[in-house]
Amino acid sequence: MPPSSLSTLLSLQPLDVHKLANRFAAHLQLLAAALPKASAAASLPSPILLRLRALHAHILASGFKPRAHILNRLVDLYAKAGDLPSARLLFDAAAPADAAAATSLVNAYAATGRLPLARRLFDCIPLPSRDTVFYNSMISGYARAGDGPLALAIFRDMLRDDFRPDDYTFTGVLSAAATIIVLELDHCGQLHCAVVKSGTEQVISVSNALIALYFKCDSPEIAVIAREVFDRMVKRDELTWTTMVVGYVRKRDINEARQVFDKMEGRFDVVWNAMISGYVHCGLFSEALEMFRRMNSIGISLDEFTYTSVLSACANAGLFIHGKAVHAHIIRSGPDFNPESALPIENVLVTLYSKCGKTNVAKRIFDDIKRKDPVSWNAILTGYVNCGRIDDALAIFQIMPHKNELAWMVMISGFVHNGLAEEGLKLFSRMRAEGTKPYDYTYASTIAACGELGTLEHGRQLHAQLIQFGYESSNSAGNALLTMYAKCGALEEARLMFLVMPNVDSVSWNAMIAALGHHGHGREAIELFDCMIGEGIFPDRISFLTVLSACNHAGLVDEGFRYFESMKHDYGIIPGEDHYARLIDLLGRAGRIGEGRDVIKSMPFEPGPSIWEAVLSGCRMHGDMDLGIYAAEQLFKMIPQHDGTYVLLSNIYAAVGWWEDVARVRKLMKDRGVKKEPGCSWIEVANKVHVFLVNDARHPEVQEVYKFLEILGVKMRKLGYVPDTKFVLHDVDPGKKEYALSTHSEKLAVGYGLMKLPSGATVRVLKNLRICGDCHAAIMFMSKAADREIIVRDVKRFHHFNNGECSCGNYW
DNA sequence: ATAGGGTTAG
């Protein structure tokens, strides 16, 4: 007897109690059916709640005493309709407590994220009133909230209290277990056993959850086990297939995912979205876009997940025009996303626009996001960091409401990779002080900072910490350590890293080759390069840059030439401007700048700044004035603010004693506002600039240093060190007998301390600096009489030494 | 009365 409408019910006179009870029950049933399936209380249509209240009022007015099942129904409906206070009032009024009503309330609390409230209610219900479903609701509540351990605790309580778990229990328990971060294969196996024993394995939802669980496990053999579960299933639904696709995508096995995808029928939007995001994660952006086109042409509905993945594909593949087209399409077709589901799209748009260099557009989109989440903040932070706008990045970082691990990492690596290594280290300490856990990549950045600063001891401490965190097999951390040790002059430790790293990738090979090159083992470096090729590792453009540098350090000009040719012919890598620049640098250092000229002529493009810089530096070494000045002019045209040009040019002038021209260059710098502190390339003594080069034998002071270096070389070789490069004498003040030398290796510096200059002036190592392997850092040697400020040049900045104090506070 | 899948920041 279906009731026709609420009005007929309300018109009934309260004569027949049974009839009335039936009508009430039927109406409640009708309301329940009208509720949407998902218990998303917030978005429920209020008409249902209004009708419910009207009905309830009528029940009360009729003076009819409803029995327990009607009351429970009401509790359930109020809970589902989002009126939890009413539900709770009714529930509390009824005695004894009813398991079904309690279940409804627990579910409603859990659905609105109020897990503690749900739990308190759960604990209040005495054992005799409980049933399996009651436990199930608490388990699934925790599972949905992502709290695996608490869900499993309830499961254990349930077994202890002698309740039999059913298929719903296991579905909940398995999905709860899947939220546990460090998931052991054993753990999955135990749960699997329990499922088999309970005889619920053939329930589709249980098997689905089991497959998803196995795929979330870190163990390598899981794909096979998940597949076995899948194969044993008698019946599968579309979720089974989807779970398989999603699982393989998780494991980055995109081919297997695709095979499952191709086999399944009735593919709906979720699978397509999973495939697209899978392709994006594997870097196969064109396949991702192809999927997008296909699903579009078949008429699968595009939702916010689709758009998010596709936009991410465009952003990562550099397909900015395509990305903007998709953005335009979203605006045009104007699907009405609620703010919550629009958020990921807006987030990825921030990334898209900052990646294509439109950081200001990205910022505007970011500003327009109403409820920003950590992803939004990190997206704009990363955008600023990547375009080098560190000040803006820092401003964002400081006002961010919730700084998670990633935010710290991005800000730290932003500092380090923009020449602010010390700031990076400081921020790292702050992060640790606040108890935030670093990623392995955070360590990589911080360790790189130590490499830049040459603070070996600090680097070693970080190495120890990193092992405590269990990151010793991380590739990014390992590569960073290798590079850091090499830059700090600890070549043996770098070698050790290379040997013990479980996975050596091309970055590791390149880093090790570079390390050997920097330490003067050019031959060994190119042997290692050949070894890498022998191991079947395909050298990339960075590998060739590295090996060219190694040849450069060791003066292996012909070998360098050979690698350059081999890169083009054997590996089909088109040399970039950077490769040409290294080649020219190599020729220049060997005094073959004329050949460098020919190389420039053979280039398929116009020479850019890096080429002219290499030419200029080659000319400085060997005093080709005309070409050097021409190169400097080109550089001035291209990048007038580039301080290095001025230094190099003035070095050329100084090499031939044209002090007026040196002064002219300095004045030019001042006029053009070039910010460069007068460093060790020149020092004013009695208003006169003196810059000498070791190669320039015309000056008697230089001759003396030459002799010194010769003797030093012999001594060093006896000690087992190999002086690898030409020494550049930065500064000689004949009056005061002060000498500043730049060299490559920390160990060489130790050797220097043992020496006396031929003239009798003593040389003292004020500080055994750990210098950077890029060989730009300088070690200062000076006579005991020296008392004025000394400036040591570092890779990225200058350090001022005065009265034994260094401006950065790190070295002394 | 209770359950299972997909998206974004490096």
Side-chain angles (χ1 to χ4, degrees), chain A residues 32 39 72-73 75-77 79-80 98-108 110 131-141 143-144 166-176 178 200 203-213 215 237-247 249-250 268-278 280-281 303-312 315-316 341-352 354 366 372-383 385-386 404-410 413-414 439 441-442 444-445 476:
Chain A
S39 48
N72 293 339
R73 227 352 222 281
V75 170
D76 183 49
L77 279 173
K80 281 186 176 147
D98 177 81
T103 304
S104 299
L105 266 172
V106 166
N107 281 323
D131 61 9
T132 296
V133 180
F134 180 64
Y135 282 93
N136 289 353
S137 68
M138 198 62 234
I139 290 171
S140 70
R144 267 198 309 261
D166 62 5
D167 47 346
Y168 283 91
T169 317
F170 280 109
T171 314
V173 165
L174 293 170
S175 69
T200 56
V203 176
I204 298 181
S205 69
V206 174
S207 273
N208 289 354
L210 191 58
I211 292 172
L213 176 70
F215 271 120
D237 62 6
E238 57 184 9
L239 274 171
T240 316
W241 290 89
T242 308
T243 309
M244 289 300 286
V245 171
V246 169
V249 164
R250 273 191 78 89
F268 63 127
D269 51 359
V270 171
V271 201
W272 291 84
N273 293 345
M275 281 306 295
I276 292 175
S277 82
V280 171
H281 281 296
D303 62 8
E304 67 268 29
F305 293 101
T306 324
Y307 287 125
T308 311
S309 293
V310 165
L311 285 170
S312 164
N316 286 306
S341 44
L343 181 60
I345 298 186
E346 293 171 306
N347 288 344
V348 75
L349 282 173
V350 171
T351 305
L352 178 78
S354 49
F366 171 79
K372 303 170 176 61
D373 69 353
V375 178
S376 330
W377 287 94
N378 284 335
I380 192 68
L381 179 71
T382 309
V385 160
N386 284 343
N404 62 14
E405 292 96 328
L406 185 70
W408 286 93
M409 186 197 82
V410 171
S413 76
Y439 286 132
Y441 195 83
T442 316
S445 293
S476 55

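Just so it is clear: chains get the letters A, B, ... in the order the sequence lines come, proteins before strands, and each one is counted from 1. Small disclaimer: the values here were computed from a predicted structure and weren't measured.
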> Have Asn378(A) and Asn404(A) got a donor and an acceptor in their side chains that come within less than 3.5 Å?
Replying inline: yes
> Taking atom C1' of dA9(B) as reference, at what distance in whole Å does atom CG of Leu352(A) sit?
Replying inline: 14 Å
> Is the phosphate of dG4(B), meaning OP1 or OP2, less than 4.0 Å from a side-chain N or O of Arg144(A)?
Replying inline: no
>> Can you see whether Asn273(A) engages Thr306(A) through a side-chain donor-acceptor pair at a distance of less than 3.5 angstrom?
In response: yes
> At under 4.0 Å between heavy atoms, what does Ser137(A) touch on the DNA or RNA strands: base, sugar-phosphate, or nothing?
Replying inline: nothing
> When you look at Ser376(A) and Asp373(A), which way does the side-chain hydrogen bond (donor to acceptor under 3.5 Å, both in side chains) test go after all the steps?
Replying inline: CA-CA 5 Å; Ser376(A) 330; Asp373(A) 69 353; 2.7 Å; yes
>> Between P on dT8(B) and CG on Asp373(A), what's the gap in Å once rounded to a whole number?
In response: 13 Å
> Please give, in whole Å, the distance from dT2(B) C1' to Asp76(A) CG?
Replying inline: 11 Å
>> Restricting to non-hydrogen atoms, name the atom on Val249(A) and the atom on Gly278(A) that form the minimum distance, rounded to 0.1 Å.
In response: CG1-CA, 3.4 Å
> Quick one: do the Asn316(A) and Ser312(A) side chains pair a donor with an acceptor below 3.5 Å?
Replying inline: yes
> Looking for any heavy atom pair under 4.0 Å, which part of the strands does Ala209(A) touch: base, sugar-phosphate only, or nothing?
Replying inline: nothing
> To the side chain of Thr308(A), which of dT7(B), dG4(B), dA9(B) is closest?
Replying inline: dT7(B)
> Less than 3.5 Å between a donor and an acceptor, one on the side chain of Asp237(A) and one on the base of dG4(B), is that the case here?
Replying inline: yes
> When you measure from the side chain of Thr351(A), which nucleotide among dT7(B), dG6(B), dG10(B) comes out closest?
Replying inline: dG10(B)
>> What's the closest nucleotide to the side chain of Leu406(A) if the choices are dT7(B), dA9(B), dG4(B)?
In response: dA9(B)
>> Please confirm whether the shortest side-chain N or O distance from Ser104(A) to OP1 or OP2 of dA1(B) is below 4.0 Å.
In response: no
> In whole Å, what is the span from the CG atom of Leu311(A) to the C1' atom of dT7(B)?
Replying inline: 11 Å
> Which heavy atom of Tyr441(A) sits nearest a heavy atom of Ser413(A), and at what distance?
Replying inline: CE2-CB, 4.4 Å
> Do any side-chain nitrogens or oxygens of His281(A) fall under 4.0 Å of OP1 or OP2 in dT8(B)?
Replying inline: yes
> Hey, does Tyr441(A) reach any base, or is it just sugar-phosphate, or nothing, if we go heavy atoms under 4.0 Å?
Replying inline: nothing
> Taking the side chain of Ala274(A) as its heavy atoms from C-beta onward, which of dT2(B), dG6(B), dA1(B) lies nearest to it?
Replying inline: dG6(B)
> Tell me: CZ of Phe366(A) to C1' of dA9(B), nearest whole Å?
Replying inline: 11 Å
> Quick one: Phe305(A) CZ to dG6(B) P, roughly how many Å, whole number?
Replying inline: 9 Å
> Considering only side-chain heavy atoms of Ser312(A), which listed nucleotide, dG4(B), dA9(B), dA1(B), is closest?
Replying inline: dA9(B)
> What nucleotide among dG4(B), dA1(B), dG6(B) has an atom nearest to a side-chain atom of Arg73(A)?
Replying inline: dA1(B)
> With a 4.0 Å cut-off on heavy atoms, is Ile204(A) in touch with a base, just the backbone sugar-phosphate, or nothing at all?
Replying inline: base
> Across the strands shown, which category fits Val246(A) at heavy-atom distances under 4.0 angstrom: base, sugar-phosphate, nothing?
Replying inline: sugar-phosphate
> Counting side-chain heavy atoms from C-beta on, which of dG10(B), dT2(B), dT7(B) comes nearest to Tyr439(A)?
Replying inline: dG10(B)
> Would Tyr439(A) and Trp408(A) satisfy ring-ring contact (aromatic ring centres under 6.0 Å, His included), going step by step from the backbone distance to the final call?
Replying inline: CA-CA 9 Å; Tyr439(A) 286 132; Trp408(A) 286 93; over 10 Å; no
>> For dG6(B) and Arg250(A) - does any side-chain N or O of the residue sit under 4.0 Å from the phosphate oxygens OP1/OP2?
In response: no
> So what does Asn404(A) touch, heavy atoms closer than 4.0 Å: a base, only the sugar-phosphate, or nothing?
Replying inline: base
> What's the CG-C1' distance between Leu343(A) and dA9(B), to the nearest Å?
Replying inline: 11 Å
> Of the nucleotides dA9(B), dG6(B), dA1(B), which has the atom closest to the Thr103(A) side chain?
Replying inline: dA1(B)
> Met409(A) side chain: which of dG6(B), dT2(B), dG10(B) is closest?
Replying inline: dG10(B)
